Amino acid sequence: MTDKNISPKLPKEFLSDLETAIGAKAMITNLDDIAPYMVEQRGRFVGETSLVVTPKTAGEVSDIVKLCAEHNIGIVPQGGHTGLVSGGIPFVGDNAIVLNTSRLNKIRAIDPVNNTMIVEAGCILQTIQEYAAKHDRLFPLSLGAEGSCQIGGNIATNAGGINVIRYGNTRQLVLGLEVVTPTGEIWNGLRALQKDNTGYDLKQLYIGSEGTLGIITAAVLQLFPKPKEQQTAILALKDLEDALPLLNLAQSMLGDALTSFELLPRIGIDFSLKHGQGVVDPIAGRYDWYILMEASVAITHSNLQELFESYLETAFERNWVQDGVLAQNKAQSDSFWLLRENITLCQRPEGGSIKHDVSVPVSSVPAFIKTANEAVQKMIPGIRPHPFGHLGDGNIHYNLSQPLDMDKQDYLNRWEEVNRVVHDIVHSFNGSISAEHGIGRVKRDENQHYKSPVEMQLMKSIKTTLDPKGIMNPGKLIPEN
Ligand code: MLT
Ligand code: ZN
């Protein structure tokens, strides 16, 4: 460890006690080495700290937290650093260190009979999926960042993704947790039980708490039988409204085999074809809206293909679908999903993009998009709405690309103003201003604007009860006053 960059705000005694507890190798203090931990995917903010710690065990996390509590130093837990609301970096003036969970990455156990797996917070989501698959099981959480995001972060933010319609959010996929509390105690709640009705469900309090109540160090995950047959289709629609009866028809004809029902706008497909690598347009004509849907079953020799074909036939007959392709093999289905992933990635080269991650009741999605499009066009003529995402969950990434002839910074300067107009519309539909990305720092004040004083006060009481010193992820989720 070199002390050339240590901020004077971190007391010498704290640093030497920390070095004794976790060793110099687990302390990053050189600003050049710290820099990558401060840069976020969306690049809107850059964090500031003089220390990143990388503990290897829950015991080390406990030692770190105890020392931070003693010296009143904030701790920002950080996983794979793929979050989208600036929840994983300290801001200037936070006087906080970063606790990165990358080295806390053991798979502790798998119990295929119980359909559970115990993993540490730093395990990469894709590693968990692959390990489960090797045991003929499925861990269904799936999202664009799965190759680098960590399960601790997924749990702390209650991540969503593309399979929520069938398996639920992360909240539904966790049976137990191990957590280091803000006083440094280790709560071992690693229970692998389907039924446990013994009082407050504490794990649910930590899930989605964004590191503000404690540090998740390990979890018991719920596994499922591995799908044996899968059908994927991309469908072109004339009107967005047709997506609703199409979804209902899928639910009645495919039942709970339906695993994904994603909305893609034409503008997104155009961006992906223009900027993406290896992306192809699966349908010859041009339509305003597309649905990418998937169904799967965990039994072999099922009649899924027959059911899916008859579903598509009915949808065409009723004129809800104008054109469509049912993937003939895994490679074709992968190419549909590549198109979907590029919808997320390929907005960047098109200039400034003002983002929203909202949900409304599924039945209100078309009306929400229409109302919001009209409102933002009025505010900024030429703005290019790019709504996409998890239509089956009522969760739309209502992103807005800048007008072609506008200066990028002038456009981005209107971020908050546009957010407020869109969020007011979401609110009028009884929706949520953060469906799956969380609150972090970016949406903290906006969240307070929409939540009732009673709800805000209940959240603040929980925070002050569990973390009276306010050292856990300071400044995130809960407004300071
Ligand atoms: C997605 O569903 O692709 C992401 O949650 C969206 C995003 O990165 O905005
Ligand atoms: Zn999403």
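Each ligand, and each atom within it, is numbered from 1 in the order the structure gives. We number each residue from 1, following the sequence as shown. All values derive from a computational prediction rather than experimental measurement.
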Checklist line | Within-cut-off N or O pair, Asn399 and ligand 1, under 3.5 Å | finding: no

Check: With atoms numbered from 1 as shown, which atoms in ligand 1 lie under 4.0 angstrom from a non-hydrogen atom of Leu84?
Finding: 7 (C), 8 (O)

Check: In terms of residue, atom name and distance, what is the protein heavy atom nearest to atom 4 (C) of ligand 1?
Finding: His397 NE2, 3.6 Å

Next item on the list: Please note down the angle at the Zn ion (ligand 2) between NE2 of His390 and NE2 of His397, to the nearest 10°.
Entry: 100°

Next item on the list: Measure from the Zn ion (ligand 2) to every N/O/S atom of Glu436 and report the name of the nearest one.
Entry: OE2

Next item on the list: Anything under 30° is parallel, anything over 60° is perpendicular, the rest tilted; go ahead and classify His427 against Tyr450.
Entry: tilted

Next item on the list: Just say parallel, tilted or perpendicular for the rings of His397 and Phe388, cut-offs at 30° and 60°.
Entry: tilted

Margin query: Measuring from atom 2 (O) of ligand 1, which candidate in Glu262, Gln41, Arg340 has the nearest non-hydrogen atom?
Written below: Arg340

Margin query: At less than 4.0 angstrom from any non-hydrogen atom of His390, what atoms of ligand 1 do you find?
Written below: 2 (O)

Next item on the list: For Lys228, look at atom NZ and say whether over 12 heavy atoms of other residues, nucleotides or ligands are found less than 6.0 Å away.
Entry: yes

Check: Got an N, O or S from His437 under 2.8 Å of the Zn ion (ligand 2)?
Finding: no

Next item on the list: Report yes if some heavy atom in the side chain of Ser333 is under 4.5 Å from a heavy atom in the side chain of Gln231; otherwise report no.
Entry: no

Notebook entry, point to check: So is Glu436 in contact with ligand 1, going by heavy-atom distances below 4.0 Å?
Noted result: yes

Check: With backbone taken as N, CA, C and O and side chain as the heavy atoms from C-beta onward, which portion of Glu341 lies under 4.0 Å from ligand 1: side chain, backbone, both, or neither?
Finding: neither

Checklist line | Full working for side-chain hydrogen bond (donor to acceptor under 3.5 Å, both in side chains) between Arg266 and Tyr290 | finding: CA-CA 7 Å; Arg266 181 68 225 181; Tyr290 298 77; 2.8 Å; yes

Margin query: Out of the candidates Thr232, Thr259, Leu258, only one should pair with Ser296 under the side chain to side chain contact (heavy atoms under 4.5 Å, CB included) rule; please name it.
Written below: Thr259

Notebook entry, point to check: Using a heavy-atom cut-off of under 4.0 Å, does the side chain or the backbone of His437 touch ligand 1, or both, or neither?
Noted result: side chain

Margin query: Walk me through whether Lys443 and Glu446 qualify under salt bridge (Lys or Arg N to Asp or Glu O under 4.0 Å).
Written below: CA-CA 5 Å; Lys443 294 189 185 161; Glu446 196 69 347; over 6 Å; no

Note to self: Could you tell me if the side chain of Leu254 sits less than 4.5 Å from the side chain of Leu307, heavy atoms only?
What the structure shows: yes

Notebook entry, point to check: Which residue supplies the protein heavy atom nearest to atom 8 (O) of ligand 1, what is that atom called, and how far is it?
Noted result: Thr344 CG2, 3.1 Å

Next item on the list: Could you check if a side-chain atom of Tyr206 sits within less than 4.5 angstrom of a side-chain atom of Ile215, using non-hydrogen atoms only?
Entry: no

Notebook entry, point to check: Considering only the protein, which heavy-atom contact is closest to atom 9 (O) of ligand 1, and what is its distance?
Noted result: Arg42 NH2, 2.8 Å

